[in-house]
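Just below is one structure, and these are the notes that go with it.
All residue numbers refer to positions in the sequence shown, counting from 1. In what follows, every heavy atom counts, from backbone to side chain, and hydrogens, waters and symmetry copies are set aside.
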Amino acid sequence: MVRAYSVFYLVSLLTWNAVVANRAMVWLCLEFCGDSEELTTRNLNEISDHRQSLSAVSFEKYTLGPNSTLVDNELTVVSPQIIDMGFEAWPLLSSYPHPPEFIDWMRTVFKYPTPFIESCISEAKLYNYTGYNLDWEPTDEVTEQDGNDYAVFINTFADALHYANIKLTADIATWSPIWNYTAIESTSVDMAISMGTYTSTDSSFTSQLSTLVDTFGPGRSGVGLETVNASTNARIPIDEVSWRFQQIKASGAVEVDIWRMPVPPLWWPFIADFMSQNQN
């Protein structure tokens, strides 16, 4: 397949990989995870305290609704603070709370993407977002054709955003056919962020990391890390955290993405060390 990229995308991709060495992003879940106003304030303060160890902050904000609509969930507004700190602001486009009809809404936007995309561009220009973090996780009746159609949509969406000087990242995994890695790799998405690497076992982490980097290349590979064990919800031992960061650095992947704030204090030295490594 020959990719027909826009001039902006080619310049953007070269800039992304030439200027930015390693990157680190954290997610703010806000009210979707029951975060109080006090906790959100503490999380923002923690982010500010570790400015040198982060590149970007993503935060719950929007979902897809019926009829190709962009839904603002009216959560705590954090983007002004994030931007004032000097970070890139990446609102999530999520599917929470994952209603069964979400796949139907996705199929609608696949056919009629323009209203949704135009709304996203308008919001991004209004609030000075760097880009969007696309995290659609439909739960019902997903087919291989849905995966192919999703990749086509991602490409259409990314190209339209790039034309407006806005970026797009996509959260992906291997547990659903909605994510066709090969098809998504052929799109102009700026970064593929693996949720498969949230996994709780070493062997699975290694496998998921290899699949990500082998498919997308180090320069478009974002490695998702949970601060707790994905199976038990227990805090990940620090030696395991160290091992995972060693594997990520060895793979050449240029980005780590932490789900979610607050980040355990003992994680910050590993994040800072990752950010200090220039892999170009």
Find out whether Leu225 and Phe245 are in side-chain contact, i.e. whether some heavy atom of one side chain is under 4.5 Å from a heavy atom of the other. yes
Check the hydrophobic clustering (I, L, V, M, F, W, Y; side-chain heavy atoms under 4.5 Å; chains of links allowed) and say if Phe32 and Ile82 are grouped together. yes
Could you check whether Lys61 pairs with Asp72 (Lys NZ or Arg NE/NH1/NH2 to Asp/Glu carboxylate O, under 4.0 Å)? yes
Would you say that Phe216 contacts Ile184 through its side chain, given a criterion of any heavy-atom pair below 4.5 Å between the two side chains? yes
Under 4.0 Å between a side-chain nitrogen and a carboxylate oxygen: does that hold for Arg220 and Asp190? no
Any side-chain heavy-atom pair of Pro66 and Thr69 under 4.5 Å: yes
Please answer whether the main-chain N or O of Ser203 pairs with a side-chain N or O of Ser207 as donor and acceptor at a distance below 3.5 Å. no
I want to check something: taking the side chain as every heavy atom from C-beta on, are Ile271 and Val26 in contact at a cut-off of under 4.5 Å? no
Would you indicate whether the side-chain heavy atoms of Ile193 and Met25 approach each other to under 4.5 Å? yes
What about Trp243 and Phe270, are their ring centers closer than 6.0 Å? no
Mark yes or no for whether Gln247, through its side chain, and Thr206, through its backbone, hold a donor-acceptor pair below 3.5 Å. no
Given 3.5 Å as the limit, does a donor-acceptor pair link the side chain of Ser251 with the main chain of Ala253, or not? yes
Heavy-atom distance under 4.5 Å between the side chains of Trp179 and Val142, does that happen here? no
Closer than 3.5 angstrom, by distance alone: can the side chain of Arg51 be matched with the main-chain N or O of Ser48 as a donor-acceptor pair? yes
Do the ring planes of His50 and Trp268 sit parallel (below 30°), tilted (30 to 60°) or perpendicular (above 60°)? parallel
Donor-acceptor side-chain pairing of Thr40 and Asp35 below 3.5 angstrom: no
Among Asp257, Thr169, Leu93, exactly one meets side-chain contact (heavy atoms from CB on, under 4.5 Å) together with Asn133. Which residue is that? Thr169
Looking at Thr197 and Ser194, would you say the former's side chain and the latter's main chain have a donor-acceptor pair under 3.5 Å? yes
Asp214 meets the side chain to side chain donor-acceptor pair (under 3.5 Å) criterion, sequence neighbours left out, with none
In the structure I gave you, are the side-chain heavy atoms of Asn148 and Val152 within less than 4.5 Å of one another anywhere? no
Listing, residues 108-128 side-chain donor-acceptor contacts under 3.5 Å, not counting sequence neighbours, or none:
from	atom 1	to	atom 2	distance (Å)
Thr108	OG1	Asp104	O	3.1
Ser119	OG	Pro115	O	3.0
Glu123	OE1	Tyr62	OH	2.5

Is there a side-chain contact between Tyr181 and Glu185 (heavy atoms, below 4.5 Å)? no
Any ion pair linking Arg42 and Glu46 (charged N to carboxylate O, less than 4.0 Å)? no
Is there a donor-acceptor contact under 3.5 Å from the side chain of Ser58 to the main chain of Trp90? yes
Main chain of Phe274, side chain of Asn22: is a donor-acceptor contact present, judged purely on distance under 3.5 Å? yes
How would you list, by chain and number, every residue that makes a ring pair (Phe, Tyr, Trp, His ring centres under 6.0 Å) with Tyr132, sequence neighbours excluded? Tyr129
Is there a path of hydrophobic side-chain contacts, each under 4.5 Å between heavy atoms, that joins Leu92 and Val77? no
Report yes or no: do Leu44 and Leu54 belong to one cluster of Ile/Leu/Val/Met/Phe/Trp/Tyr joined by side chain heavy-atom distances under 4.5 Å? yes
Would you say Leu75 ends up clustered with Leu39 if hydrophobic residues are merged whenever their side chains have heavy atoms under 4.5 Å apart, either directly or through other cluster members? no
Backbone N or O of Ser231 within a donor-acceptor pair of the Asn229 side chain at under 3.5 Å? yes
Sidechain-backbone polar pair: Glu88 side chain, Val57 backbone, donor-acceptor under 3.5 Å: no
When rounded to the nearest 0.5 angstrom, what is the spacing between OG1 in Thr63 and CG in Leu70? 7.5 Å
Please confirm whether the backbone N or O of Asp171 pairs with a side-chain atom of Trp136, one donor and one acceptor, at under 3.5 Å? no
Using a strict 4.0 Å threshold on nitrogen-to-oxygen distance, state whether Arg244 and Asp239 make a salt bridge. no
Distance-minimising heavy-atom pair for Pro218 and Gly252: CB-O, 3.1 Å
Carboxylate-amine/guanidinium proximity below 4.0 Å for Arg235 and Glu226: no
Which pair of non-hydrogen atoms, one from Gly222 and one from Leu212, has the smallest distance, and what is that distance? O-CD2, 3.4 Å
Going only through I, L, V, M, F, W and Y residues with side-chain contacts under 4.5 Å, is there a path from Val223 to Ile238? yes
With under 30° as parallel and over 60° as perpendicular, where do the rings of Tyr96 and His98 fit, or are they tilted in between? perpendicular
Does a sphere of radius 6.0 Å around CD in Glu144 hold more than 12 heavy atoms from other residues, nucleotides or ligands, not counting ones at 6.0 Å or beyond? no
